[in-house]
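Working notes, beginning with the structure itself.
First listed ligand is number 1; within each ligand, the first listed atom is number 1. These numbers were taken from a predicted model, which means no experiment stands behind them.
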Amino acid sequence: MNIILFGAPGAGKGTQAKILVEKYGIPQISTGDMFREAITNGTELGKKAKSFMDAGNLVPDDVTIGIVEERLSKKDCENGFILDGFPRTIHQAEELAKILEKQNKDIDKVVVLEVRDGEIVERITGRRISKKTGKIYHIKHNPPVDENEEDIYQRDDDNETAVVTRLAEYKNQTAPLFDYYKDLGKTVIINGEQEVGKITEDILKILNSL
Ligand code: AMP
């Protein structure tokens with residue numbers, strides 16, 4: 001099963017991806033996580049991505065598409081994958097289609113998590129993450145047991161300044177992809193403002209019927 005999780009930053013893609021990984025045993029491919037890991041490890045890729053990410057801008061397509069192509073060719077993607085945060089531009093989507101065609105694969109569904117703009121900033125600025133497990137929390141709605149615990153951190157770009165740019169990038173570059181995939185008959189819209197468990201339920205209903 002080859003899935004794209006689509007939606008604005010903070011729509012809940014990462015949270016749902018982690019649940020689907022457990023459920024289906026297929027990998028989550030998060031370009032954001034790959035960039036953050038590269039930054040932590042001080043690699044060339046990390047150096048290329050960091051300034052774009054910190055400002056809330058998209059990392060250039062040539063850098064991004066390359067890492068996805070390499071990742072998708074790994075053995076653990078043979079039975080499926082969950083793309084989280086990729087593609088984010090029409091060009092990326094077109095290149096993805098070419099990569100998958102070479103591998104005799106296709107996207108089965110684009111799951112769109114719909115969340116109103118007003119919700120996004122509050123969600124992102126309150127987001128906290130566990131270093132150990134990658135689990136995503138929110139200081140108000142789903143607080144970690146001890147938010148001062150060393151394990152809990154806030155992403156560098158989860159601040160109000162970067163969020164404004166990230167939302168603008170989403171509107172200008174990423175949102176047009178909705179029509180791109182709709183025209184291919186692949187989109188399904190899920191209300192992303194429900195309880196996490198209800199969102200999962202809605203997604204599973206769709207995926208189980210594939
Ligand atoms: P995310 O973790 O998905 O919110 O991504 C965090 C940041 O990584 C984004 O704001 C971009 O700077 C960069 N990034 C992640 N995925 C992509 C992508 N597909 N294309 C360009 N930049 C990306």
Side-chain angles (χ1 to χ4, degrees), residues 2-18 20-21 27-41 43-72 77 81-100 107 110-113 115 117 119-131 133-138 153-178 180-181 192:
N2 305 333
I3 304 298
I4 294 175
L5 282 178
F6 185 82
K13 302 186 294 294
T15 299
Q16 294 299 326
K18 288 189 172 59
L20 297 177
V21 164
Q28 169 193 17
I29 302 181
S30 157
T31 37
D33 283 351
M34 289 157 89
F35 288 137
R36 278 184 289 278
E37 199 185 319
I39 291 171
T40 304
N41 295 336
T43 65
E44 273 309 305
L45 174 68
K47 282 177 202 145
K48 278 186 203 158
K50 186 169 175 23
S51 60
F52 294 101
M53 288 177 79
D54 285 349
N57 288 117
L58 292 187
V59 176
D61 279 351
D62 55 342
V63 179
T64 309
I65 292 160
I67 64 166
V68 173
E69 175 154 30
E70 194 186 320
R71 182 66 187 85
L72 282 173
C77 294
F81 51 80
I82 302 155
L83 282 170
D84 159 13
F86 183 93
R88 261 177 156 101
T89 65
I90 296 275
H91 180 62
Q92 288 180 12
E94 288 168 350
E95 291 302 310
L96 173 65
K98 287 186 205 159
I99 292 166
L100 292 178
I107 294 297
V110 178
V111 176
V112 181
L113 297 178
V115 175
D117 275 7
E119 272 273 309
I120 296 289
V121 175
E122 206 259 346
R123 280 191 182 198
I124 288 188
T125 51
R127 173 158 62 188
R128 299 291 185 276
I129 303 167
S130 160
K131 261 184 239 158
T133 64
K135 194 167 173 347
I136 300 164
Y137 295 93
H138 187 281
Y153 76 100
Q154 182 174 27
R155 273 170 49 170
D156 287 344
D157 59 346
D158 276 354
N159 61 71
E160 280 184 43
T161 322
V163 163
V164 173
T165 310
R166 285 163 68 193
L167 279 175
E169 289 281 63
Y170 177 75
K171 290 237 147 59
N172 297 331
Q173 310 236 51
T174 309
L177 278 178
F178 176 82
Y180 173 91
Y181 283 114

Salt bridge flag under 4.0 Å for residues [X] and [Y]:
X    : Y    : result
E95  : K98  : yes
D117 : K171 : yes
R155 : D54  : no

Subject >> Closest non-hydrogen atom pair between F35 and A49, with its separation >> reply: CD2-CB, 3.7 Å
**OP:** Please round to the nearest 0.5 Å and tell me the distance separating atom OG of S30 and atom CZ of F86.
**Re:** 12.0 Å
**OP:** Measure the CD-OG1 distance between E169 and T89 for me, rounded to the nearest 0.5 Å.
**Re:** 10.5 Å
**OP:** Could you tell me whether E122 atom CD has more than 12 heavy atoms of other residues or ligands within 6.0 Å of it?
**Re:** yes
Within ligand 1, which atoms have a heavy atom of [X] less than 4.0 Å away?
X    : value
N57  : 11 (C), 12 (O)
T64  : 18 (C), 19 (N), 20 (N), 21 (C)
R36  : 2 (O), 6 (C)
Q92  : 18 (C), 19 (N), 20 (N), 21 (C)
D157 : 6 (C)
R166 : 4 (O)

Measure the distance from [atom] to every protein heavy atom, then report the residue, atom name and distance (to 0.1 Å) of the closest one.
atom                    : answer
atom 9 (C) of ligand 1  : R88 NH2, 4.0 Å
atom 7 (C) of ligand 1  : M53 CE, 3.7 Å
atom 16 (N) of ligand 1 : T31 OG1, 2.7 Å
atom 6 (C) of ligand 1  : R155 NH2, 3.4 Å
atom 23 (C) of ligand 1 : F35 CE1, 3.8 Å

Original post:
Can an N or O of D84 be found at a distance shorter than 3.5 Å from an N or O of ligand 1?
Top reply: no
Original post:
Looking only at atom types and distance, does a side-chain atom of T165 sit under 3.5 Å from a main-chain N or O of G56, one as donor and one as acceptor?
Top reply: no
Subject >> T125 and N159 side chains, donor-acceptor separation under 3.5 Å >> reply: no
**OP:** Take every heavy atom of E169, measure it against each atom of ligand 1, and state whether any distance is under 4.0 Å.
**Re:** no
Original post:
Taking the non-hydrogen atoms of K13, is any one of them nearer than 4.0 angstrom to ligand 1?
Top reply: no
